[in-house]
Amino acid sequence: MARIAGVDLPKNKRMEIALTYIYGIGRSKSLDILDKAGVSNDTKTDNLADSEITAIRNVIDRSSRWRAT
């Protein structure tokens with residue numbers, strides 16, 4: 001299970017949906033984040049590579065509005 005911005009992402013969900021579990025991220029922001037990270041929005045959370053998780057974290061960390069409090 002991937003943990004991003006202090007949130008455990010749900011298992012076996014498409015990434016564009018899974019990122020919406022993070023407070024402040026909706027579908028459109030989720031798609032923007034995945035595009036910037038170079039990750040397919042159809043990738044399931046169970047199939048994420050460590051490099052993809054790191055890329056998503058880096059994109060989210062660049063913006064302080066999605067940081068966990």
Sequence neighbours excluded, which residues qualify as side-chain contact (heavy atoms from CB on, under 4.5 Å) partners of [X]?
| X | result |
| --- | --- |
| D35 | none |
| K36 | V59 |
| T54 | N58 |
| A55 | A37 |

Reported [atom1]-to-[atom2] distance for the pair [X] and [Y], which is rounded to 0.5 angstrom:
| X | Y | atom1 | atom2 | value |
| --- | --- | --- | --- | --- |
| S30 | I17 | OG | CD1 | 7.0 Å |
| E16 | I33 | CD | CD1 | 12.0 Å |
| K29 | L19 | NZ | CG | 13.0 Å |
| R3 | L9 | CZ | CG | 9.5 Å |

Nearest heavy-atom neighbours spanning P10 and T45: O-OG1, 2.8 Å

If you look at every heavy atom in A5 and I22, which pair is closest and at what distance? CB-CG2, 4.1 Å

Residue pairs meeting salt bridge (Lys or Arg N to Asp or Glu O under 4.0 Å), one or both in residues 39-52, sequence neighbours left out, come to R14-D42

Tell me every residue that passes salt bridge (Lys or Arg N to Asp or Glu O under 4.0 Å) with D32, counting only those two or more places apart in sequence or in another chain. none

Are the side chains of I53 and V39 in contact, using a 4.5 Å heavy-atom criterion? no

